[in-house]
*Asks:* 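This is the structure I want to talk about, given as structure tokens.
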Amino acid sequence: MTRTLRILTTFSLVLLLGLPSIAQGDDKDLYRDGSVYRVTMVRTEANSMDDYLEQLSRMYMPMMKAAQEAGLIKSYKLLTGGYSNMDDFDLMLLVEIENMAALDETPEREAKWKAVREKVRASLGQDAEDEIQATYRKIRSIQGSKLMREQILR
């Protein structure tokens, strides 16, 4: 009887200790990690959305296109909408990156980004770049920026 009780107790203990690992495995099976997004929330000054979009089309969008062609990013998007309150943003920039490892600074990646920046600067010229940067400061404020990971539910 004592031996049976010991075997039953040991078996019960093994089962109880194993349950948390089984439950954790079930949670992880609910989703898989997708792309990483750099999300930047921007608030434009009153009546300046068109001006800001024009400036983005001159410098930011060509840079994102070149970065995508160089394989540095997967995609980029620009979303606009009205304010939901006085402290809200009205424009969101989304840059899709394959994974967190693609954010690591490596000499190869840094060289690619440098080539992208130089390509855009060469097409614009220094005076135009300075003008765009000055305009950015006047007509928009960055409300925040964060990295977010897409979760793909199974």
Side-chain angles (χ1 to χ4, degrees), residues 15-154:
L15 270 178
L16 287 174
L17 292 175
L19 283 177
S21 64
I22 292 170
Q24 288 173 358
D26 289 345
D27 286 345
K28 187 63 176 165
D29 291 338
L30 294 175
Y31 62 89
R32 67 179 173 81
D33 291 339
S35 297
V36 173
Y37 288 82
R38 179 173 303 283
V39 180
T40 304
M41 289 79 59
V42 179
R43 180 181 180 90
T44 59
E45 295 298 322
N47 302 316
S48 64
M49 177 66 79
D50 288 344
D51 293 337
Y52 187 55
L53 292 175
E54 192 270 327
Q55 297 304 321
L56 288 175
S57 71
R58 292 177 62 201
M59 189 165 147
Y60 177 80
M61 298 308 260
M63 190 167 298
M64 292 298 102
K65 183 178 179 183
Q68 187 175 25
E69 290 169 355
L72 292 165
I73 64 173
K74 287 178 72 173
S75 69
Y76 55 97
K77 294 188 183 336
L78 184 144
L79 305 174
T80 62
Y83 305 120
S84 62
N85 62 54
M86 293 303 291
D87 297 321
D88 197 20
F89 58 92
D90 60 340
L91 186 138
M92 185 182 294
L93 302 167
L94 298 165
V95 178
E96 182 183 12
I97 304 154
E98 184 151 0
N99 53 40
M100 291 296 235
L103 295 170
D104 292 344
E105 293 181 13
T106 64
E108 178 186 343
R109 194 169 291 119
E110 289 304 309
K112 285 183 178 182
W113 274 111
K114 183 178 180 183
V116 164
R117 286 188 297 272
E118 287 174 359
K119 177 181 176 182
V120 172
R121 284 180 177 144
S123 69
L124 279 175
Q126 188 63 49
D127 291 342
E129 183 181 354
D130 292 345
E131 173 201 336
I132 290 169
Q133 292 292 344
T135 302
Y136 281 169
R137 287 188 290 276
K138 291 178 189 173
I139 64 176
R140 64 97 165 112
S141 59
I142 304 294
Q143 299 297 96
S145 183
K146 62 171 81 177
L147 287 177
M148 299 184 80
R149 183 186 297 278
E150 177 182 18
Q151 298 299 324
I152 301 167
L153 298 177
R154 296 184 193 260

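Below, each value reflects all heavy atoms present in this structure, side chains not excepted, and no hydrogens, waters or symmetry copies. We count residues from 1, following the sequence as given.
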*Asks:* How close do S145 and R38 get, heavy atom to heavy atom, and via which atoms?
*Replies:*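 Shortest heavy-atom contact: OG-CG, 4.1 Å.
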
*Asks:* Measuring from R149:CZ to N99:CG, what's the distance to the nearest 0.5 Å?
*Replies:* 7.5 Å

*Asks:* Could you tell me the separation between the CG atom of L94 and the CD1 atom of I97, rounded to the nearest 0.5 Å?
*Replies:*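 Going from CG on L94 over to CD1 on I97, the span is 10.5 Å.
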
*Asks:* On a heavy-atom basis, which atom in L56 and which in P62 lie closest, and how many Å separate them?
*Replies:* O-CD, 4.0 Å

*Asks:* Locate the shortest heavy-atom distance separating R154 from Y31; write the atom from each residue and the value.
*Replies:* NE-O, 3.6 Å

*Asks:* What's the spacing between L72 CG and M63 CE if we round to 0.5 Å?
*Replies:*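 One finds 11.5 Å between CG of L72 and CE of M63.
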
*Asks:* How would you list, by chain and number, every residue that makes a salt bridge (Lys or Arg N to Asp or Glu O under 4.0 Å) with E131, sequence neighbours excluded?
*Replies:*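 Only R58 meet the salt bridge (Lys or Arg N to Asp or Glu O under 4.0 Å) criterion with E131.
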
*Asks:* Let me check something: any side-chain donor-acceptor pairs from residues 75-83 under 3.5 Å, sequence neighbours excluded? List them with distances.
*Replies:*
from : atom 1 : to  : atom 2 : distance (Å)
S75  : OG     : E96 : OE1    : 2.6
Y83  : OH     : T44 : O      : 2.6
Y83  : OH     : D90 : OD2    : 3.4

*Asks:* Is the shortest side-chain heavy-atom distance between K65 and M61 below 4.5 Å?
*Replies:*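 With C-beta onward as the side chain, the pair stays apart.
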
*Asks:* Can you tell me how far the CE atom of M92 sits from the OG1 atom of T40, to the nearest 0.5 Å?
*Replies:*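 Nearest 0.5 Å value for the CE-OG1 distance: 9.5 Å.
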
*Asks:* Looking only at non-hydrogen atoms, find the nearest pair between E45 and S48 and report the distance.
*Replies:*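 Nearest pair, atom of E45 first, then S48: O-OG, 2.6 Å.
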
*Asks:* If you look at every heavy atom in K74 and S35, which pair is closest and at what distance?
*Replies:* NZ-OG, 3.2 Å

*Asks:* Answer yes or no: does atom CG of N47 have more than 12 heavy-atom neighbours from other residues, nucleotides or ligands under 6.0 Å?
*Replies:* no

*Asks:* Check the pair I142 / M41 against side-chain contact (heavy atoms from CB on, under 4.5 Å), numbers first and verdict last.
*Replies:* CA-CA 6 Å; I142 304 294; M41 289 79 59; over 6 Å; no

*Asks:* Return the minimal non-hydrogen interatomic distance between M59 and V120, and the atom names on each side.
*Replies:*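 So the two residues come closest at O-CG1, 3.9 Å.
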
*Asks:* Q126 and D130: side-chain donor and acceptor closer than 3.5 Å?
*Replies:*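 Yes.
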
*Asks:* Take atom CD in E105; do more than 12 heavy atoms of anything else shown fall under 6.0 Å from it?
*Replies:* no

*Asks:* In Å and rounded to the nearest 0.5 Å, what is the CD1 to CG distance from I152 to L30?
*Replies:* 14.0 Å

